[in-house]
Amino acid sequence: MILSSCRYCAGPSLNWRIDLRNGRIRAHSRVASEARASAGASDWGGCGFDSRGSGRCGEEGLRREGAAMGAADKDVVEEILLGDLNEVGEIADSGEWASRHSVDHGVLCDVIKSLSGFELVDSKELSRESWFLEREGEEYVENGSAEMQVFLAVPPEGITLPDLKAKVGDKLLNVGQKNAMKNGWIVMQKPLMKRKVAEAEDIVRSQLVSIKDGQEVSPDVIKDLKKRNLIARKLWKGYEVCKGPKYALKRSKPATDVTREMLQTGAWKEQEFKAYNFEALGFPISGGYLHPLLKVRAQFRKIFLNMGFEEMPTNNFVESSFWNFDVLFQPQQHPARDSHDTFFLKTPATTVELPEDYLQRVKTMHEVGGHGSIGYGYDWKREEAEKNLLRTHTTAVSSRMLYKLAQEKFVPKRYYSIDRVFRNEAVDRTHLAEFHQIEGVVCDRGLTLGDLIGVLNEFFGRLGIKKLRFKPAYNPYTEPSMEIFSYHEQLKKWVEIGNSGMFRPEMLLPMGLPPDVNVIAWGLSLERPTMILYNIDNIRDLFGHKVDLEKVKSNPICRLGI
Ligand code: FB9
């Protein structure tokens with residue numbers, strides 16, 4: 001029994017030690033203690049019993065070790081390591097040191113990394129490849145290799161394959177038979193499997209045992225055993241450690257604050273303070289985060305407001321077919337008006353109030369036209385117009401605003417709206433059943449298509465979209481109508497960026513707007529520009545339950561029109 005100083009009471013140590021992995025008290029292995037003694041290292045173990053016989057040290061040690069088994073592992077290991085460095089100066093291999101001190105190598109590495117950070121030690125990373133046994137390898141060590149088990153299962157008088165299979169089982173037989181025959185241990189003399197040798201040596205097992213004991217084995221043995229998935233490679237990382245520029249037996253915990261006590265006691269004078277880490281990123285300030293769609297909406301809003309447009313009230317997702325379709329001179333049998341494209345409401349299925357006189361004028365326009373229009377010449381149904389739906393476009397809001405404007409003395413107006421619209425469409429990478437429509441409306445006397453093109457160039461120009469092209473298009477409520485295209489530098493192609501047109505007189509005149517008042521309007525979505533600006537390929541990543549909130553928290557500012 002090697003006696004050395006107890007690190008708690010400096011009394012003679014009985015070389016007990018606490019196994020940090022399970023907290024049990026264990027005598028130092030004679031080898032380890034002799035090694036340590038020969039290395040002149042004092043044992044870190046408590047004396048277990050203080051020389052004053054009160055047993056305090058041991059208990060103290062035990063309590064401290066026991067209690068602190070968790071987080072304090074590190075403190076204990078740190079103290080031992082610093083203590084040992086003081087004696088042996090450097091530790092060549094943390095792995096060997098850890099097993100000698102039965103310390104978890106992972107805990108030791110964390111301690112070394114942290115001490116390096118505080119320059120108490122200098123450490124150099126070591127890495128070496130090692131092999132460990134796979135579960136099957138462990139079994140072979142336990143029960144012998146498959147070929148040995150098969151060999152042993154073949155009695156000298158031979159055995160039929162079914163009986164052999166019954167003895168060793170399918171899996172072992174497949175592997176074992178092949179290798180035992182390859183090793184010339186057994187031979188098939190139909191119908192029996194027979195031994196060719198009286199006894200055999202289980203090389204494979206002993207090779208596995210050597211690997212298990214960490215002994216070197218030749219590369220081609222490794223290759224064979226690996227091929228049989230009996231072993232797997234493990235990259236071992238460790239450290240070489242020596243004293244650092246700020247080495248001390250005990251890490252002084254530099255203070256991070258000047259406390260009132262320090263000031264009162266003057267202790268601050270010799271207190272070591274933790275250096276300010278000006279690189280440290282403060283705690284991320286969690287504040288509100290704007291969804292990219294709202295950032296782009298804000299940009300569009302700013303552009304409209306700067307162009308003198310006023311926002312239309314869009315706070316009604318539910319609309320009647322009358323304002324969503326009929327007043328826009330969209331015929332009642334238009335495909336967009338059936339449930340394949342539109343979400344009709346079950347309750348309330350129909351609207352309660354429609355402006356009666358205006359309704360009659362709309363009915364007339366649809367049925368027989370007027371003001372030079374021949375209308376659609378079909379029998380217009382009030383009940384169709386009363387059907388409630390989720391609005392399919394914010395143009396329904398524009399129609400309400402224009403009707404309201406027509407009830408007052410006419411003044412030129414510029415309106416815009418940005419809000420949700422709903423279409424019962426097939427969902428794909430760029431389409432959901434709802435999107436945000438952006439709409440601009442300008443109404444004034446004598447407006448022309450040229451004015452529309454002018455306004456579009458101004459509007460998109462402010463978005464940084466310079467080169468526009470217009471393609472004739474068709475909308476039930478505008479004539480002429482144009483699809484708007486712009487050349488997208490990055491995408492290297494002309495992109496459809498919206499639709500536009502001049503509202504038909506069949507829409508405007510029944511409202512009561514003066515005949516020389518024309519209304520130009522255009523529309524686009526909020527989602528498309530946002531997807532392009534934020535490189536979002538699939539609309540589901542932009543809108544809906546699949547949105548990654550982290551992305552919302554970290555999305556950059558909207559550089560539209562900037
Ligand atoms: O937004 C669309 N495209 C777009 C817009 C901006 C943009 O910005 C980039 C940063 C540069 C990129 C693309 N579109 C309109 C075009 C297409 O995406 C189209 O396939 C899909 N459209 C939606 C409807 O889908 C059924 C976008 C949506 C749309 C279409 C038309 C209108 C509104 C939204 C309209 C209108 C209108 C017409 C006349 C009078 C009043 C309103």
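One-based numbering, in listed order, for ligands and for the atoms of each. Hydrogens, waters and symmetry mates play no part in the numbers below; they use all other heavy atoms, side chains included.
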Short list, please: which atoms of ligand 1 are under 4.0 Å from a heavy atom of [X]?
{"X": "A521", "answer": "40 (C), 41 (C)"}
{"X": "E425", "answer": "26 (C)"}
{"X": "I465", "answer": "11 (C)"}
{"X": "I532", "answer": "9 (C), 12 (C)"}

Holding to salt bridge (charged side-chain N to carboxylate O under 4.0 Å, His left out), I want the full list of residues that pass it with E479, two or more places apart in sequence or in another chain. none
Are the charged groups of [X] and [Y] less than 4.0 angstrom apart, N to O?
{"X": "E356", "Y": "R382", "value": "yes"}
{"X": "R135", "Y": "E138", "value": "no"}
{"X": "D357", "Y": "R361", "value": "yes"}
{"X": "E319", "Y": "R391", "value": "no"}
{"X": "K171", "Y": "E136", "value": "yes"}
{"X": "R504", "Y": "E506", "value": "yes"}

Just one of V352, L389, T351 clears the side-chain contact (heavy atoms from CB on, under 4.5 Å) bar with S320, so which one?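 In the set V352, L389, T351, the residue that makes a side-chain contact (heavy atoms from CB on, under 4.5 Å) with S320 is T351.
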Out of [options], whose heavy atom sits nearest [atom]?
{"atom": "atom 29 (C) of ligand 1", "options": "L526, L524, V441", "result": "L524"}
{"atom": "atom 5 (C) of ligand 1", "options": "I497, T394, I484", "result": "I497"}
{"atom": "atom 9 (C) of ligand 1", "options": "P529, G523, S481", "result": "P529"}

Under a 4.5 Å cut-off applied to non-hydrogen side-chain atoms, are D122 and P245 in contact?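 Heavy-atom side-chain distance check passes, below 4.5 Å.
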May I ask you to check if ligand 1 and W522 share an N or O to N or O distance below 3.5 Å?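 Looking only at distances, the answer is no, because the N/O contact criterion of under 3.5 Å is not met.
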So is there a nitrogen or oxygen of E496 less than 3.5 Å from a nitrogen or oxygen in ligand 1?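 By distance alone, the answer is yes.
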Within 4.0 Å of atom 22 (N) of ligand 1 (strictly less), any protein heavy atom? no
Among protein heavy atoms, which lies nearest [atom], and at what distance?
{"atom": "atom 18 (O) of ligand 1", "value": "R528 CG, 3.3 Å"}
{"atom": "atom 31 (C) of ligand 1", "value": "N499 CB, 3.7 Å"}
{"atom": "atom 42 (C) of ligand 1", "value": "E439 OE1, 3.2 Å"}
{"atom": "atom 27 (C) of ligand 1", "value": "S525 CB, 3.8 Å"}

Would you mind listing every ring pair (Phe, Tyr, Trp, His ring centres under 6.0 Å) that reaches into residues 525-550, with sequence neighbours excluded? H436-F543
R423: heavy atom below 4.0 Å from ligand 1, yes or no?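 The answer is yes, since R423 has a heavy atom less than 4.0 Å from ligand 1.
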Any H431 heavy atom less than 4.0 Å to ligand 1: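 Distance cut 4.0 Å: H431 passes for ligand 1.
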